[in-house]
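Report on the following structure.
Along the sequence shown, the residues carry numbers beginning at 1.
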Amino acid sequence: MKKAVALILTFNLLFMFYACTGDKINKNSRDSLSVCLASEPDTLDPALNSTADGATMCAHLFSGLAKWTKGEDGTLKIVPDAAEALSEGVVNEDGTVTYTYKLKENLMWSDGVPLTAQDFVFSWNRAASPDLAADYHYMFDIIKGYDEMWAVPETEGEADKTESRLDITAPDNKTLVVTLKNKTNYWNELIAFPTYYPVREDVVSDDSWATNPETYISNGPYTMTEWKHNSVITLKKNDNYVDSESVTMPEIRFFLSDDTNNMLANFRNGDWKFIDSIPNNEIQRIKEEYESEFSVTNQLGTYYLCWNINEDILPDTSKLEGEAEEKAKAEVRKAISLLIDRNYIVNSITQCNESPAPAFISQGIAEPDGTEFYKSSGNSNEFSGYYDVSAESAEENYNNAVKTLKKYYHFDSESGMFTDFPPIIYVYNTSDNHRAIAEYIQSALQSLGITVNLENQEWNTFLNTRKSGDYTLARNGWVADYNDPLTFLDMWSAFSGNNDIQFGKGNHAELRMYNLDLREYGIDVKVRNGTWAETYDVLISEIKGCSDTQLRYKLMHIAEDMLMDTGCITPIYYNTDPYLISSDVTGFYANPLGYKYFMNTVISE
């Protein structure tokens, strides 16, 4: 899930105006909690959201079958929410698994209309459908019927794929039955995921329903009562929520900003009790000034750069085409990755205990034996992952990068510069952290004559720029949607809505250069000179259908090998989650997926 840290200077003026027009915060109120996660969310339709800040808000507004909670012992766990219990699932003769859920009594929407099992049936089919084309539609591909829903008709007379439906039924208003293709260990985490939240058919028939509090009908702990766009979203406790007695904070105000200095100023003066981003140049002072209020928690996420695979980065004089061209571009991308000093970034820029990332799949994601997945990645006997990110390797990495780049670009030995590397536009969204990293990368490459032009975009514009492939190089970040390596892998299937690199899209869709041979693992798959969809997508499908745990993890390593061999992913560091929370607030918790939970908070006197 994409992590937002976003807004522009203009919004500072909005906040100043907002504060001066009388809508001020009552600092002494214990019934309203003011927080700031990020800037204006792209959407608060749970089926369409793909950001961590949006997911946090949706988790306060909606109730799925299950939810994350913090136990009395301090551990995070998945528990029933709208469902009476978490189903164990019944394995059928054909290997499919059927889950049956009984819904709790007296479930209601925020407007008092009864919520039924049919609402879940509608919502899951909507979120998975080609009609909606949600970024996360592939999260439903473990359910029977998904493949048929997305199958392309071979003949003109075939039924339209949008008529197909997931294997989900509602025998009565309180019973939901769903059949998966096979056993899925992270199923409970999926039904706690925002994309699986219910919405109501008559409500979402209005395309603008999720932008206006008057039409925003939900079923969770809170209802939306105000949305001053680019300023604040106000939520109030929903008395119709099935577990409303557990909700201790009557009102939450989500202020919208990506200006970290603005965030810190409002925290310091007591207006905001929680901020999710901190100015880089203030980190050391904050660690001392707010020792008990500054927290850095673990997060299952990776900060990385992504390259658009369809963009040309070779010199104008290059005569390479097809497979030879793509192999050359992959070498160049990997060489650029070697020029980046990840230790400098985490020690001098981010400064919040991040670890340099030698692979894409995050630390904290484990193998079946409990060891870190990334430590078994790559093909080196000398270091873990795909890049040696030790401080001692910097000089060797630099020399290897220059050696590779000399194969494709003219190097002027007198100046020590490459003279014909096309200018790169590096796109990033508003944030002190992103800007500082961008400027460092610009400087590092400029020292070799490679021009990097920086382009800062507002968060929502930035999301759509990456999604449409309208870039060459962009900053990116991914936080796990569930604790399994697959959450970092299936997003790169050709038809995934989160496939910002454009694998299997545009010109890359027709490029036949990928090989996949799984026969040694007892799988009858051998493809030579196939497309990305014919190889990588097939591999992901085999992973999702694999019931042998050890084999499944071997296949996921193969998938990461394919990704990293393209050079399109440049891992920078493994995330931590730094934030400031006022010492008079109790009951707050966060999960390793980047979601923040305020519904059980209390402000002490």
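Paired with Lys67 under the rule side chain to side chain contact (heavy atoms under 4.5 Å, CB included), one option of Ile78, Asp243, Ile191 passes, and it is Asp243.
Between the side chains of Tyr304 and Asn476, at least one donor-acceptor pair of N or O atoms lies under 3.5 Å. Counting only N and O atoms by type, the side chains of Tyr241 and Asp81 include a donor and acceptor under 3.5 Å apart. In this model, no donor atom of one side chain and acceptor atom of the other lie less than 3.5 Å apart for Thr576 and Asn353. The closest side-chain donor-acceptor pair between Trp227 and Glu40 falls under 3.5 angstrom. With no hydrogens or angles considered, a side-chain donor-acceptor pair links Asn456 and Thr430 at under 3.5 Å.
Each salt bridge (Lys or Arg N to Asp or Glu O under 4.0 Å) pair with one or both residues in residues 302-311, not counting sequence neighbours, would appear here, but there are none.
Note: Phe140 and Tyr196 have parallel aromatic rings, judged against thresholds of 30 and 60 degrees for the angle between ring planes. Between Tyr597 and Tyr595, the ring planes lie tilted relative to each other; the angle falls in the 30° to 60° range. Ring geometry, Trp209 versus Tyr216: the interplanar angle falls under 30°, so the pair is classed parallel (tilted spans 30 to 60°). Between Phe598 and Phe588, the angle of the ring planes lies from 30° to 60°, which puts this pair in the tilted group.
With hydrogens and angles ignored, the 3.5 Å screen pairs no side-chain donor or acceptor of Ser277 with any backbone N or O of Thr260. Although no hydrogens or angles enter the test, the distance criterion places no donor-acceptor pair under 3.5 Å between the side chain of Trp459 and the main chain of Pro41.
For Phe193 and Tyr482, the distance between ring centers is not under 6.0 angstrom. Annotation: Tyr303 is in aromatic contact with His434 [ring centroid separation under 6.0 Å].
Gly270 and Lys273 get closest at one heavy-atom pair: O-CE, 4.4 Å. The minimum heavy-atom distance linking Glu560 with Ser377 is given by the pair OE1-OG, 3.0 Å.
With salt bridges taken as basic N to acidic carboxylate O contacts below 4.0 Å, none links Glu288 and Arg285. Salt-bridge annotation for Asp577 and Lys596: present, with a side-chain N of the basic residue lying under 4.0 Å from a carboxylate O of the acidic one. Lys467 has no carboxylate O lying under 4.0 Å from a charged side-chain N of Asp42, or vice versa, which leaves the two without a salt bridge.
Scored by the side chain to side chain contact (heavy atoms under 4.5 Å, CB included) test, Ala559 finds Leu489, Tyr536, Leu539, Ile540, Ile543 as partners (sequence neighbours excluded).
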